[in-house]
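Following: one structure in structure tokens, then a few remarks.
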Amino acid sequence: MQVRPSGTTGILLEFDSLEEVLAQYAALQEADLPALDLVPAGRTILVVGDRDTDLSELTKQVRAVDPGEHRPTESAPVEIPVRYDGEDLGDVAEHLGCSVEELVERHRDEEWTVAFCGFAPGFGYLAGAKYDWDIPRRPSPRTKVPAGSLALAGEFTGVYPRQSPGGWQLIGHSLVEAFDLDRDPPALLVPGARVRFVEGS
Amino acid sequence: MSTPTPPSAPSGENSTPPSAPGGETSTPPSASSGDIKGLRIVESGPLTTVQDFGRPGQSALGIGRSGACDRAAHRLANALVGNHPTLATLEATFGGLVLEATHDLVLATTGARCSGAPHLAPFRLAAGERLSLGMPQAGLRTYVAVRGGIDVTPVLGSRATDILSGLGPRTPEAGDVLPVGTTGRPSPGVDVAPVPEPTNDQLVVRVTPGPRRDWFDDDAWALFTSQTYTVDSESNRVGVRLSGEALPRARDGELVSEGMLRGAVQMPPSGLPVLFLADHPVTGGYPVIAYVDDLDVDRCAQLRPGQELRFSTTAVR
């Protein structure tokens, strides 16, 4: 783990892999840190304090947190009902060198974990455990991706919480809202959560 | 402005950010005045939003902090009317806001001084009276606090409107009546708050090296910390875009998106920096070369298009 500066109120922890990020994030959440916020991402965790935070002391405390002691919770995965009817199914299958049916099967059987959130409230970047996903983005982003779109890009899959521009490949749509202010909690996908996609009707 | 979207964001590199229309806006301010104690929006000006200290602690869900751009001015406005600092104020951009009191109210304005309004001192606005903010001669954002606070319904723990994510109360429009709360706190015995006001002079702020300082060589860093940048008109609550001499990168490649804070100075491939303010994206995929000292970020929130800004590594206060 490398510690990089992030101004007068934060420090950025950098790791070699997403797996390390997830382990350390879980451990940091359980540690009693004087932090206002933790922002996990692909290779980093931003630890956020405020103007009164002693950053060198915070760094010491963070370094003392051992991810090895943490055991991931064995909670049941979040099940998201989806329909595989996205416009880009054919293109993605072709890229992977498989049939659309095989692509759908792989995606449905994959064990996904929410690596981190970003881009928009409730947008989770889900990483797979079984397959090496590496999907190119659309050559030119769509100006409007419908809310609920189930999409793939790079090593991740995700559900667009609302209509927005987007360059990910659309393979289907979710039958539940990824982010709903009238639900508690509003975000369906939180970092570290395990996710399964199931075909709904 | 067209917000710098991180390259690894699902929108792709050249897209515009998600914006409020059609988003999760909620809690429309009451449209009819009725008998509620409130402030009627007569004119909303170029951009007026309700703000407080935002939504800390929810970044992991992709929810940015948001809140008042000039936190010190927001805090002072509340103090002048005897509010707890966490109550909501109005943040007016370039003045233009016209308010009418439905009941007798006590108000104060801070930040950018506008003609047509008392400034840095509490004043009474009687029922039916109007407050009309002219365009400020210096500074950009004016905070209007009302005793009792702007009492629109909070969204995820805050009344701040985040123009990037669309979260929070919708932007007030002419005809809206914003409810005003009550407070049992004593009124402060303050006539005038003697604080430095925003100027049109070149602003010099302190920076420290950011997490990706090593994407730039020492010559580039020297250029970054010596040149005079100019504030671009494409600036907003998300960030201040700057024009100047482009900075070369010492290395190529893409950065995996990583968390950022207010005050981050991000360097897109153009080599022209973006200084992030209250509604910054939670994560970004371009290298953050430096951070502006948190105390100086409030002053950056008052920068006007065309104004000059310099980043210094030595203390300037």
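Below, chain A is the first sequence line, B the second, and so on; all start at residue 1.
- Between chain B and the residues A:Q2, A:E14, A:R138, the largest count of heavy-atom pairs under 4.5 Å involves A:E14.
- Less than 6.0 angstrom separates the ring centroid of B:F224 from the ring centroid of B:F311.
- In this structure, A:Y125 has its ring center under 6.0 Å from that of A:W168.
- Taking the six-membered ring for Trp and the full ring otherwise, A:W112 and A:W133 have centroids separated by under 6.0 Å.
- Chosen from A:A187, A:A153, A:S6, A:P191, the residue pairing most often with chain B at heavy-atom distances under 4.5 Å is A:S6.
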Show me, pair by pair, the donor-acceptor contacts under 3.5 angstrom made by side chains of residues 62-69 of chain B, not counting sequence neighbours?
{"residue": "B:R65", "atom": "NE", "partner": "B:F53", "partner atom": "O", "Å": "2.9"}
{"residue": "B:R65", "atom": "NH2", "partner": "B:F53", "partner atom": "O", "Å": "3.1"}
{"residue": "B:S66", "atom": "OG", "partner": "B:T161", "partner atom": "O", "Å": "3.4"}
{"residue": "B:S66", "atom": "OG", "partner": "B:R237", "partner atom": "NH2", "Å": "3.3"}
{"residue": "B:S66", "atom": "OG", "partner": "B:D279", "partner atom": "OD1", "Å": "2.7"}

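- Applying the side chain to side chain contact (heavy atoms under 4.5 Å, CB included) test to A:T143 and every residue at least two apart in sequence or in another chain returns nothing.
- With a 4.5 Å cut-off on non-hydrogen atoms, A:T9 touches chain B through its backbone and its side chain both.
- Heavy atoms closer than 4.5 Å to chain B are found in the backbone of A:L38, but not in its side chain.
- Heavy-atom distances place the side chain of A:R51, and not its backbone, under 4.5 Å from chain B.
- Using a 4.5 Å cut-off between heavy atoms, A:Y25 touches chain B through its side chain atoms alone.
- Residue with the most contacts toward chain B among A:A41, A:P5, A:G42: A:P5 (heavy-atom pairs, distance under 4.5 Å).
- Your options are B:P56, B:G259, B:P211, and the one with the most heavy-atom pairs under 4.5 Å with chain A is B:P211.
- For the set B:D294, B:V282, B:T208, the count of heavy-atom pairs under 4.5 angstrom toward chain A peaks at B:D294.
- Under the 3.5 Å distance criterion, the side-chain polar atoms of B:T89 are left unmatched by any main-chain donor or acceptor of B:Y143.
- Interface remark: A:V48 contributes side-chain atoms only to the contact with chain B (heavy atom separation under 4.5 Å).
- The number of heavy-atom neighbours closer than 6.0 Å to CZ of B:R75, taken from other residues, nucleotides and ligands shown, is 12 or below.
- The 12-atom threshold is exceeded at CD of A:E57, counting heavy atoms of other residues, nucleotides or ligands nearer than 6.0 Å.
- Heavy-atom pairs under 4.5 Å with chain A were tallied for B:Q58, B:R212, B:R213; the largest tally goes to B:R212.
- In terms of heavy-atom pairs under 4.5 angstrom with chain B, the leader among A:P185, A:G10, A:G7 is A:G7.
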